[in-house]
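The block underneath contains the structure these notes are about, expressed in structure tokens.
Just so we're on the same page: letters track the sequence lines, and every chain starts at 1. The figures here come from the full heavy-atom set of this structure, side chains too, leaving out hydrogens, waters and symmetry mates. All values reported here derive from a predicted model rather than from experimental measurement.
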Amino acid sequence: SQQGEEDPQALSIQEGENATMNCSYKTSINNLQWYRQNSGRGLVHLILIRSNEREKHSGRLRVTLDTSKKSSSLLITASRAADTASYFCATDGRYGNKLVFGAGTILRVKS
Amino acid sequence: DTEVTQTPKHLVMGMTNKKSLKCEQHMGHRAMYWYKQKAKKPPELMFVYSYEKLSINESVPSRFSPECPNSSLLNLHLHALQPEDSALYLCASSQVDFLAGGGYEQYFGPGTRLTVT
């Protein structure tokens with residue numbers, strides 16, 4: 001069963017613009033992770049944020065976590081055509097090995 | 001080597017066939033996973049192995065039979081599948097989460113695209 005909901009479902013932007021995706025979840029978590037999936041291929045881990053962290057950066061990525069609102073956001077700055085992909089948030093609950101993925105956001109970056 | 005390999009890339013099988021999907025990693029990870037992903041949907045967890053023992057089975061039908069012969073290999077044996085089982089099957093690996101709250105990134109293979117006719 002899906003834990004999280006993501007919005008928007010789809011996002012289309014121009015190269016160089018910023019892209020923001022949001023994820024909401026329902027139960028308490030230990031960690032929240034973001035993954036990218038290029039069409040029909042495996043997932044690539046982007047970033048992990050722990051429940052006691054509020055913000056994390058990795059290159060052009062910025063992730064925030066608000067456990068009081070049970071939500072997270074992923075910001076991609078200065079987007080590139082190569083960022084075109086589906087982006088999923090994934091949460092774990094009591095057992096860190098069991099990830100539950102959100103519905104995903106399809107990002108299209110036009111050059 | 002941070003790669004998870006999966007074979008075959010594509011598989012077409014009839015409902016009476018028996019086939020196997022294979023997954024391999026050499027990162028020393030002791031947790032391995034099978035996920036099923038339908039088109040335009042997120043991956044759904046099927047099985048988790050920790051230290052070569054099945055630790056999570058998400059109520060998967062018995063026509064899917066996982067096997068972990070050693071710490072580097074994970075198989076998924078398929079028998080008497082239905083057309084609705086057609087999907088992308090993803091394998092992943094990670095370190096084991098000893099303590100609730102550890103949480104580790106998972107490394108995914110490219111998947112096997114399965115079509116059941």
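For B:E67, the side-chain hydrogen bond (donor to acceptor under 3.5 Å, both in side chains) partners at least two apart in sequence or on another chain are B:N75, B:H77. Listed by chain and residue number, A:R62 satisfy the salt bridge (Lys or Arg N to Asp or Glu O under 4.0 Å) test with A:E55 (two or more places apart in sequence, or in another chain). In this view, A:D66 and A:S68 satisfy the side-chain hydrogen bond (donor to acceptor under 3.5 Å, both in side chains) rule, not counting sequence neighbours.
The interface of residues 108-117 of chain B with chain A, defined by heavy-atom distances below 4.5 Å, comprises B:F108, B:G109, B:P110, B:R113.
Neither the backbone nor the side chain of B:Y107 comes within contact range of chain A; no heavy atoms are under 4.5 Å apart.
Panel note: side chain B:Q6, backbone B:Y89; a donor-acceptor pair is recorded below 3.5 Å.
Side-chain contact check for B:Y51 and B:S71: no donor-acceptor pair (N or O, by modelled atom type) lies under 3.5 Å. In this model, no donor atom of one side chain and acceptor atom of the other lie less than 3.5 Å apart for A:H45 and B:Q106.
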